[in-house]
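To start, the structure under review is shown below, and the notes come after it.
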Amino acid sequence: MSTRGDAPEKYPVDINGFVRQCAWCRRIADADGQYRLVSASLVHGASHGCCEACAIRFLGHGTSKPGLAA
């Protein structure tokens with residue numbers, strides 16, 4: 001089973017030659033490293049990580065959660 005993804009050559013790459021894409025919202029980092037570009041699907045061969053907005057929303061970075069041990 002395979003799913004079609006966007007072609008990586010139509011997006012900017014980082015210094016390591018990878019397209020940086022958020023695994024949650026699928027936004028793609030532009031040449032300045034800001035997640036501004038949008039892709040309807042996952043980019044085949046991209047380096048999937050997490051953009052700043054999804055890190056705050058889904059991972060809770062930058063917020064404190066009472067009752068959790070550090």
Side-chain angles (χ1 to χ4, degrees):
M1 177 180 190
S2 72
T3 55
R4 241 176 75 206
D6 283 350
E9 57 272 0
K10 68 183 203 179
Y11 296 108
V13 295
D14 64 11
I15 60 171
N16 297 311
F18 290 103
V19 174
R20 290 177 43 207
Q21 184 176 34
C22 178
W24 281 267
C25 69
R26 297 184 180 165
R27 282 186 284 186
I28 296 173
D30 62 12
D32 295 325
Q34 299 297 314
Y35 286 87
R36 299 180 189 179
L37 306 173
V38 178
S39 173
S41 62
L42 292 175
V43 175
H44 179 70
S47 173
H48 292 99
C50 187
C51 72
E52 296 84 7
C54 287
I56 292 168
R57 183 173 179 195
F58 297 112
L59 303 177
H61 291 187
T63 62
S64 61
K65 296 189 177 188
L68 295 178

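Fair warning: this is a prediction, and the values are worked out from it, not measured in the lab. No hydrogens, no waters, no symmetry mates; every other heavy atom, side chains included, goes into these values.
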Quiz item: Applying salt bridge (Lys or Arg N to Asp or Glu O under 4.0 Å), which residue pairs with at least one partner in residues 33-50 are found, sequence neighbours left out?
Solution: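 Salt bridge (Lys or Arg N to Asp or Glu O under 4.0 Å) check on residues 33-50 returns Asp30-Arg36.
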
Quiz item: To the nearest 0.5 Å, how far apart are CZ in Arg20 and CD1 in Ile28?
Solution: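 Here the rounded value is 11.5 Å.
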
Side-chain donor-acceptor pairs of residues 45-54 under 3.5 Å, sequence neighbours excluded:
from  : atom 1 : to    : atom 2 : distance (Å)
His48 : ND1    : Ala46 : O      : 3.4
His48 : NE2    : Gln21 : OE1    : 2.9

Practice problem: Kindly give the heavy-atom pair with the smallest separation between Cys22 and Cys25, and that separation in Å. | Solution: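 For Cys22 versus Cys25, the nearest heavy atoms are SG-N, 3.6 Å.
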
Exercise. Would you name the heavy atoms of Tyr11 and Val19 that are closest together and state the gap between them?
Key: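 It is CB-CG1, 3.9 Å.
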
Quiz item: For Leu42 and Arg26, what are the C-alpha separation, side-chain angles and deciding distance, and is it a side-chain contact (heavy atoms from CB on, under 4.5 Å)?
Solution: CA-CA 6 Å; Leu42 292 175; Arg26 297 184 180 165; 4.0 Å; yes

Quiz item: Mind checking what makes salt bridge (Lys or Arg N to Asp or Glu O under 4.0 Å) contact with Asp14, not counting sequence neighbours?
Solution: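 Salt bridge (Lys or Arg N to Asp or Glu O under 4.0 Å) list for Asp14, sorted by chain: empty.
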
Practice problem: Find out if a path of hydrophobic residues (ILVMFWY) with successive side-chain heavy-atom gaps under 4.5 Å connects Phe18 to Val43. | Solution: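 Hydrophobic grouping puts Phe18 apart from Val43.
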
